[in-house]
Amino acid sequence: MIGAAALSACAPLSRVGLPVVEAPEVAEAFLTPMTPEDNIDSPASWPSPDGRLWLIATAKETDQLVLYDGETGATLRRVGSKGAALGQFDRPNGVFVIDDLVYIVERDNHRVQLMRLPEFEPLAVFGSADLIKPYGLWVRRNATGYELFVTDNYERAGGRVPPLAALDRRVKRFEVRRESSQYTGELRGAFGDTGATGGLRIVESIWGDPAGNQLLIAEEDESYANEIKVYSLDGTFTGRVFGRDRFAAQAEGIALFECGDGSGYWITTQQDKARTVFHLFARGDLSYVGAFTGKAVANTDGIWLQQSSQSTRFPAGVLYAVHDDQGVVAFDWRDVARTVGIPADCPR
């Protein structure tokens, strides 16, 4: 987030101008140990070659990564310390795992750090000359390595949102290449619409879908709207926004359940202080699918969907969500699918 009481089995949500939404409960599979001193922000997971499922979360206040067992939630170890050297962090925020690499956005070091799993071996840092106040990221493979999209929530004096004309660099695009044993990251451009509808006033969460040429970015300026804006992967605003008629609190984390035939679901997050509500939309046409909430999870920042893994506990996948800046909860995807009324697996 920029700038829980007991719930009934089907708790209503309301906000001025919005209809009451019934959000059925899904019981959390686990809740990690609560460590409020960490200020946990974003999770990511990694199915390791030896069959374990790792859950990695950024700890903004203690300047570390916290590693949990992805099947039980038990804390395994901590990585890093405060500083600017390789392997150190200054307010780590967004995190993304792809292949055996973990990318970490450091807000106050104004950079992205790259590490290799399972050792958390520091490989490179980049972006310090280009990023001002970075928060979230999404990564995809390309022909030469990886392409990163990093949200940059630069501000005016006093933390004010810049005028629309100055929002044209809200997302920075980097290319990461490996030459021999060295990794390098270079800025390849920046974008952001400067119109009233497409402008990215306050940004953090971002996720892409190459098959559908969609890049979803959460608008976190509640004084304007709680909604998701849809860009294409070349950085052009498509003119589409959604969720304004559904979100009763700040739009936050985004994840994608994707199938090879082009079907699937966007999982989006309504960051309510009392409890979090997750809204699902169809992958293609963004039509509304349904909503659910947990029994405990509240005030969620980042989410991460581990769709496929060798996990015995979560054979159909697991959705991880930050809980109240203190830890991470897990939802068995089978429970989510059954509750929302969708298939738990892709069509065969």
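The chain is numbered in sequence order, starting from 1. Computed from a predicted structure; not experimentally measured. All values below come from the heavy atoms of this structure, side chains included, with hydrogens, waters and symmetry mates left out.
Salt-bridge annotation for Arg78 and Asp38: present, with a side-chain N of the basic residue lying under 4.0 Å from a carboxylate O of the acidic one. Remark: Arg313 does not engage Asp332 in a salt bridge, criterion side-chain N to carboxylate O under 4.0 Å. Checked for salt-bridge contact, Glu179 and Arg177 miss the test: no charged N lies under 4.0 Å from a carboxylate O. For the pair Glu258 and Arg283, the salt-bridge criterion is met [side-chain N within less than 4.0 Å of a carboxylate O]. Of the charged side-chain nitrogens involved, none lies within less than 4.0 Å of a carboxylate oxygen, so that Asp152 and Lys133 do not count as a salt-bridged pair. Ionic pairing of Asp335 and Arg338 is present here: one or more N-O contacts between side-chain nitrogen and carboxylate oxygen are shorter than 4.0 angstrom. Salt-bridge check for Arg173 with Glu147: passed, with a basic side-chain N closer than 4.0 Å to an acidic carboxylate O. A salt bridge is defined here as a Lys NZ or Arg NE, NH1 or NH2 lying under 4.0 Å from an Asp or Glu carboxylate O, and Arg91 with Glu61 meets this definition.
Hydrophobic cluster membership is shared by Phe120 and Leu76, with clusters built from Ile, Leu, Val, Met, Phe, Trp and Tyr side chains linked at under 4.5 angstrom. Hydrophobic clustering keeps Ile217 apart from Ile132 (ILVMFWY residues linked when any side-chain heavy atoms are closer than 4.5 Å, directly or through intermediates). Taken together through direct or relayed side-chain contacts under 4.5 Å among Ile, Leu, Val, Met, Phe, Trp and Tyr, Ile98 and Val125 form parts of separate hydrophobic clusters. Phe191 and Ile228 fall within the same hydrophobic cluster, defined by Ile, Leu, Val, Met, Phe, Trp and Tyr side-chain heavy atoms under 4.5 Å apart, directly or through other members. Leu114 and Leu137 fall within the same hydrophobic cluster, where Ile, Leu, Val, Met, Phe, Trp and Tyr residues are linked whenever their side-chain heavy atoms come under 4.5 Å apart, directly or through other members.
With hydrogens and angles disregarded, a donor-acceptor distance shorter than 3.5 Å links the side chain of Arg170 to the backbone of Tyr154. Proximity of a side-chain donor or acceptor of Thr72 to a complementary backbone N or O of Ala74 within less than 3.5 Å is detected. A donor-acceptor pair under 3.5 Å links the side-chain atoms of Thr269 to the main chain of Gly253, judged by distance alone. Between the side chain of Ser232 and the backbone N or O of Asn213, no donor-acceptor pair lies under 3.5 Å. In this structure, Ser311 contributes its side chain and Pro315 its backbone to no donor-acceptor pair below 3.5 Å. Remark: the backbone N or O of Val322 is paired with a side-chain donor or acceptor of Thr300 at under 3.5 angstrom. In terms of modelled atom types and a separation under 3.5 Å, the side chain of Gln271 and the main chain of Ala251 share no donor-acceptor contact. Checked by atom type and distance alone, the side chain of Glu219 pairs as donor or acceptor with a backbone atom of Arg201 at under 3.5 Å. Here the side chain of Glu227 pairs no donor or acceptor atom with the backbone of Ala218 at under 3.5 angstrom. Side chain of Asp99 to backbone of Leu101: no donor-acceptor contact under 3.5 angstrom is found.
In this structure the side chain of Ile56 never reaches within 4.5 angstrom of the side chain of Val66, judged on heavy atoms. Under the 4.5 Å side-chain criterion, counting only non-hydrogen atoms from C-beta, Lys229 is not in contact with Arg240. You'll find the side chain of Cys346 stays beyond 4.5 Å of the side chain of Ser263, heavy atoms only. The shortest side-chain heavy-atom distance between Trp46 and Leu53 does not fall under the 4.5 Å cut-off. Residues Ile254 and Ile206 are not in side-chain contact: their nearest non-hydrogen atoms beyond the backbone lie 4.5 Å or more apart. A 4.5 Å side-chain heavy-atom check between Glu175 and Asn142 finds at least one atom pair inside the cut-off. Residues Met34 and His323 form a side-chain contact, since some pair of their non-hydrogen atoms from C-beta on lies under 4.5 Å apart. When side chains are defined from C-beta on, Val171 does not count as touching Val150, because their heavy atoms never get closer than 4.5 Å.
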Fill in: Tyr103/Phe96 under ring-ring contact (aromatic ring centres under 6.0 Å, His included): CA gap, chis, key distance, verdict
CA-CA 5 Å; Tyr103 292 86; Phe96 197 100; 7.5 Å; no

Discussion item. Please determine whether side chain to side chain contact (heavy atoms under 4.5 Å, CB included) holds for the pair Val289 and Val340, giving the CA-CA distance in whole Å, both sets of side-chain angles, and the decisive distance to 0.1 Å.
Written reply: CA-CA 8 Å; Val289 174; Val340 178; 4.0 Å; yes

Item to complete: Show the numbers, then the answer: is there a side chain to side chain contact (heavy atoms under 4.5 Å, CB included) between His279 and Trp266?
Response: CA-CA 8 Å; His279 296 276; Trp266 289 103; over 6 Å; no

Fill in: From CA spacing to verdict: ring-ring contact (aromatic ring centres under 6.0 Å, His included), Trp333, Phe257
CA-CA 10 Å; Trp333 184 251; Phe257 179 93; 5.1 Å; yes

Fill in: Working for side chain to side chain contact (heavy atoms under 4.5 Å, CB included), residues Leu131 and Tyr135
CA-CA 10 Å; Leu131 296 167; Tyr135 276 91; over 6 Å; no

Item to complete: Show your working on side chain to side chain contact (heavy atoms under 4.5 Å, CB included) between Val112 and Glu106 and close with a plain yes or no.
Response: CA-CA 6 Å; Val112 178; Glu106 299 176 58; over 6 Å; no

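Just one of Asp108, Asp41, Asp90 meets the salt bridge (Lys or Arg N to Asp or Glu O under 4.0 Å) condition when paired with Lys60; it is Asp41.
Within a 6.0 Å radius of CD in Glu119, more than 12 heavy atoms belonging to other residues, nucleotides or ligands are found.
With rounding to the nearest 0.5 angstrom, the CG atom of Asp130 is 4.5 Å from the CG atom of Leu187. Put simply, CD1 on Ile303 and CD on Glu252 are 9.5 Å apart, with the number rounded to the nearest 0.5 Å. Interatomic distance, Asn299 CG to Asp325 CG, rounded to the nearest 0.5 Å: 5.0 Å. To the nearest 0.5 Å, atoms OG1 (Thr276) and NZ (Lys273) are separated by 10.5 Å. To the nearest 0.5 Å, atoms CG (Asn226) and OG1 (Thr268) are separated by 11.0 Å.
Classification of the Phe314-Tyr320 ring pair by plane angle, with boundaries at 30° and 60°, yields perpendicular. The aromatic rings of Trp138 and Trp207 sit tilted relative to each other, their planes meeting at an angle between 30° and 60°.
Under a cutoff of 6.0 Å and an axis angle of 45°, Arg111 and Phe126 do not form a cation-pi pair. Geometrically, Arg244 engages Tyr224 in a cation-pi contact defined by less than 6.0 Å to the ring centre and at most 45° from the axis.
Ring centroid separation for the pair Phe281 and Tyr265 does not come in under the 6.0 Å cut-off. Centroid-to-centroid, the aromatic rings of Trp54 and Tyr68 stay 6.0 Å apart or farther. Between Phe331 and Phe292, the gap from one ring centroid to the other is short of 6.0 Å.
What you find for Ser308 and Pro47 is that their closest heavy atoms are O-CG, 4.2 Å. Residues Val95 and Ile104 come closest through the heavy atom pair CG2-CG1, 4.3 Å. Across Gly73 and Pro33, no two heavy atoms sit closer than the pair O-CD, 3.3 Å. The shortest heavy-atom contact between Phe30 and Gly70 is CE2-O, 3.5 Å. Cys259 and Pro347 get closest at one heavy-atom pair: SG-CD, 3.9 Å. Nearest approach of Leu215 to Gly208, heavy atoms of both residues: CD1-CA, 3.8 Å.
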